[in-house]
Amino acid sequence: MAGNEQEQASGEGGVATAEETLSVTDNRTGESYEVAVTDGTVRAMDFREVKVAEDDFGLMTYDPAFTNTASCRSAITYIDGDAGILEHRGYSIESLCENATYLEVAYLLIHAELPTQAQLDDWIHEVTIHTYVHENIKKFVEGFRYDAHPMGILLASVGALSTFYPDAKQIEDDYERHMAAVRLIAKMPTLAAFAYRHNMGLPYVYPDNDLSYPENFLSMMFKMTEVKYEADPRLTKALDTLFILHADHEQNCSTNAVRGVGSSQVDPYSALAAGVAALYGPLHGGANEAVLKMLDRIESVDNIPDYLERVKEREEKLMGFGHRVYKNYDPRARVIKKNVEEVLEVTGKSPKLEIAVELEKRALDDEYFTSRKLYPNVDFYSGLIYEALKIPTGMFTVIFAIPRTSGWIAQWLEMVDDDEQKIARPRQVYIGEREREYVPIDQR
Ligand code: ACO
């Protein structure tokens, strides 16, 4: 930064031409600066050179909630919110849902390339043989109150895994990293199902290594006295597709938590526990439950016009509509909508689907919603599938955490390998008192 040279050093170690710079004049001093623009961004650290005096700390940027700050460079997930595009490692979400399984997508996210058949077979084998958890983890889950929220159980037990695999602290060791990735992807459905069975007061079902990843999860959730649990392949496929759709979504709140906590170089189990905690929040993982409640409140197609009027009066919100990034149809919602119909063919009609489809149609015909670019998001239809699969609402967020595990790990691996990353430690703008005299307690 600074000076009027034709070429400016870019923070990337590359060279930015004069056109790829930003000219800034500090009106406090009259000084002008040039800041390199790389990939449509300026480096916040470049502004530290903007000072009013030699001993000034320098200018900081202020961005609560990181609404306009890129925290990393990433090659995992691409989103174009205006065009409604989502790609993982360059492959569109639509094509992955159509052609791949969730475990194949998990491999892609982590290894950056689609696996060969032999690589995929090895990967599936590795994940499958690591689905069991230590018996003490089972006892640990048993220690929760009967009505403990399953997400609270999941959060605690993912963190507890770190004590069972102390070698995972060696985050520079490729073997340990790989094992943590395999174990987390393998054990997350087991922990999730144990949390559910605990809530239901039912005996825990151990993993069945003959079953596929989604089938095994359904078996651990719902197996009763039958010798072998068999799920309808259409339901297994629908669940696997939901897993693909939730695998990663770049720097969302929970992924940012995983990267932030992981930047302290803690083990990956502890870093992912932070991700689970962030996902637990209603602004992140809980909207699909709110959609079901809304459809219940609307009750019948006849009440839709009234409901939309109330939304326009700002007395209600159209849950499952709108997104911070997507200002177009969320591509994941499109895939899910197709899935709902297939699932309901197996499980029977849901009156809520009829309301949802009509609600969507009317909202998309209405200038109030189109002018605000409010389109269905991933949560608009996913709750209907979970409900049809007889999954209770308390488990919705837990099921979100299962596939998001592969995204969290991929992002964690990218972060620990990124030479530019340091411990995440934002600055603050201090607005409190200074230099006060301590007042003895009897004089206050
Ligand atoms: N219903 C009615 N109006 C809405 C909705 C909605 N669902 N979402 C946004 N709006 C309106 C806002 O009131 C605002 O109107 P105004 O400009 O007249 O004041 C305008 O649309 C722009 O909305 P913002 O609030 O600026 O959008 P923001 O990006 O901050 O919020 C959010 C995004 C939180 C997702 C919001 O759309 C929302 O609350 N949706 C419902 C909840 C939901 O479905 N969340 C799931 C998101 S997907 C996920 O997390 C996996």
Side-chain angles (χ1 to χ4, degrees), residues 39-40 66-68 70-115 185 214 237-259 275 278-279 283-285 287-288 291 320-340 360 364 373-386 396-397 399-414:
D39 297 329
F66 303 127
T67 49
N68 196 36
S71 62
C72 62
R73 295 165 62 78
S74 181
I76 301 171
T77 292
Y78 172 79
I79 299 177
D80 181 336
D82 288 330
I85 292 171
L86 169 62
E87 291 172 1
H88 296 311
R89 302 287 190 185
Y91 296 97
S92 79
I93 192 68
E94 292 84 357
S95 125
L96 291 173
C97 286
E98 179 133 2
N99 300 300
T101 60
Y102 165 67
L103 281 186
E104 195 177 343
V105 173
Y107 183 100
L108 172 71
L109 289 171
I110 290 168
H111 295 94
E113 294 297 338
L114 286 169
I185 292 171
K237 171 83 179 93
L239 185 63
D240 203 52
T241 305
L242 278 179
F243 283 173
I244 296 175
L245 291 170
H246 288 89
D248 193 56
H249 212 229
E250 52 117 307
Q251 307 312 313
N252 55 84
C253 178
S254 56
T255 301
N256 183 52
V258 170
R259 279 183 177 258
L279 193 65
L283 290 189
H284 192 5
N288 44 19
V291 173
F321 262 64
H323 197 277
R324 174 61 61 79
V325 178
Y326 294 117
K327 299 302 171 196
N328 200 324
Y329 212 103
D330 179 340
R332 300 169 298 173
R334 228 185 271 285
V335 178
I336 290 187
K337 192 176 173 187
K338 259 203 271 165
N339 264 29
V340 182
E360 177 196 332
L364 295 182
K373 300 192 174 174
L374 297 174
Y375 295 89
N377 61 48
V378 68
D379 288 318
F380 192 66
Y381 287 108
S382 62
L384 284 171
I385 297 191
Y386 294 142
F396 288 6
T397 325
I399 295 185
F400 192 157
I402 294 174
R404 186 51 61 89
T405 297
S406 59
W408 288 333
I409 292 167
Q411 301 271 351
W412 174 79
L413 286 166
E414 186 175 66

Is Asn339 close to Tyr381 at the side-chain level, that is, under 4.5 Å between some pair of heavy atoms? no

Give the minimum heavy-atom separation between Asp379 and Ser382, together with the two atoms involved. CA-OG, 3.6 Å

Using the side-chain hydrogen bond (donor to acceptor under 3.5 Å, both in side chains) criterion, which residues pair with His284? Sequence neighbours excluded. Asn252, Ser254

Side-chain contact, heavy-atom cut-off 4.5 Å: Leu108 with Leu96? yes

For Gly383 against Asn288, the heavy-atom pair lying closest together: N-CB, 3.9 Å

Assess the residue pair Glu414 and Arg73 against the criterion (salt bridge (charged side-chain N to carboxylate O under 4.0 Å, His left out)); give the C-alpha distance rounded to whole Å, side-chain angles, the decisive distance to 0.1 Å, and a yes or no. CA-CA 9 Å; Glu414 186 175 66; Arg73 295 165 62 78; over 6 Å; no

Cys97 versus Leu245, closest heavy-atom pair with distance: SG-CD2, 3.5 Å

Set of side-chain hydrogen bond (donor to acceptor under 3.5 Å, both in side chains) partners for Arg332, sequence neighbours left out: Asp330

With sequence neighbours excluded, residues passing side-chain contact (heavy atoms from CB on, under 4.5 Å) with Lys373: Lys327, Tyr375

Side chain to side chain, His323 and Asn328, heavy atoms closer than 4.5 Å: no

With the side chain counted from C-beta on, respond yes when Lys338 and Thr241 share a heavy-atom pair under 4.5 Å apart, and no when they do not. no

Heavy-atom distance under 4.5 Å between the side chains of Cys253 and Asn256, does that happen here? no

Flag the pair Val258 / Gln411 as yes when at least one side-chain heavy-atom distance between them is below 4.5 Å, and no otherwise. no

List in chain and number order the residues that pass side-chain hydrogen bond (donor to acceptor under 3.5 Å, both in side chains) with Ser406, two or more places apart in sequence or in another chain; answer none if no residue qualifies. Tyr102

Partners of Tyr107 by ring pair (Phe, Tyr, Trp, His ring centres under 6.0 Å), sequence neighbours excluded? His111, Trp123

For Lys337, salt bridge (charged side-chain N to carboxylate O under 4.0 Å, His left out) partners two or more places apart: Glu360

Going by heavy atoms in the side chains, are Pro376 and Leu364 under 4.5 Å from each other? yes

Sorted by chain and number, sequence neighbours left out, ring pair (Phe, Tyr, Trp, His ring centres under 6.0 Å) with Tyr329 holds for none

Listing, residues 80-87 side-chain donor-acceptor contacts under 3.5 Å, not counting sequence neighbours, or none:
| residue | atom | partner | partner atom | Å |
| --- | --- | --- | --- | --- |
| Asp80 | OD1 | Asp82 | N | 3.1 |
| Asp80 | OD1 | Ala83 | N | 3.1 |

Compare every heavy atom of Arg259 with every heavy atom of Ser74, then report the nearest pair and how far apart it is. OG-NH2, 4.0 Å

Would you compute the distance between atom OG1 of Thr405 and atom NE2 of His246 and round it to the nearest 0.5 angstrom? 12.5 Å

Taking side-chain hydrogen bond (donor to acceptor under 3.5 Å, both in side chains) as the test, write out the residues that go with His249, two or more places apart. Tyr326

If you define the side chain from C-beta out and look only at heavy atoms, does anything of Pro403 sit under 4.5 Å from Ile244? no

When every non-hydrogen atom of Val105 is compared with those of Ala100, the smallest separation belongs to CG2-CB, 4.0 Å

Short side-chain to backbone donor-acceptor contact, Arg89 and Leu109, under 3.5 Å: yes

List for me each residue that meets side-chain contact (heavy atoms from CB on, under 4.5 Å) alongside Glu250, sequence neighbours excluded, and say none if there are none. Thr77, Ile79

Can you list everything that forms a side-chain contact (heavy atoms from CB on, under 4.5 Å) with Thr397? Sequence neighbours excluded, please. Met151, Leu279

Quick check against the 3.5 Å criterion: does Ser95 have a side-chain atom that pairs as donor or acceptor with the backbone of Tyr91? no

What pairs with Thr101 under side-chain contact (heavy atoms from CB on, under 4.5 Å), at least two apart in sequence or on another chain? Leu103, Glu104, Asp240

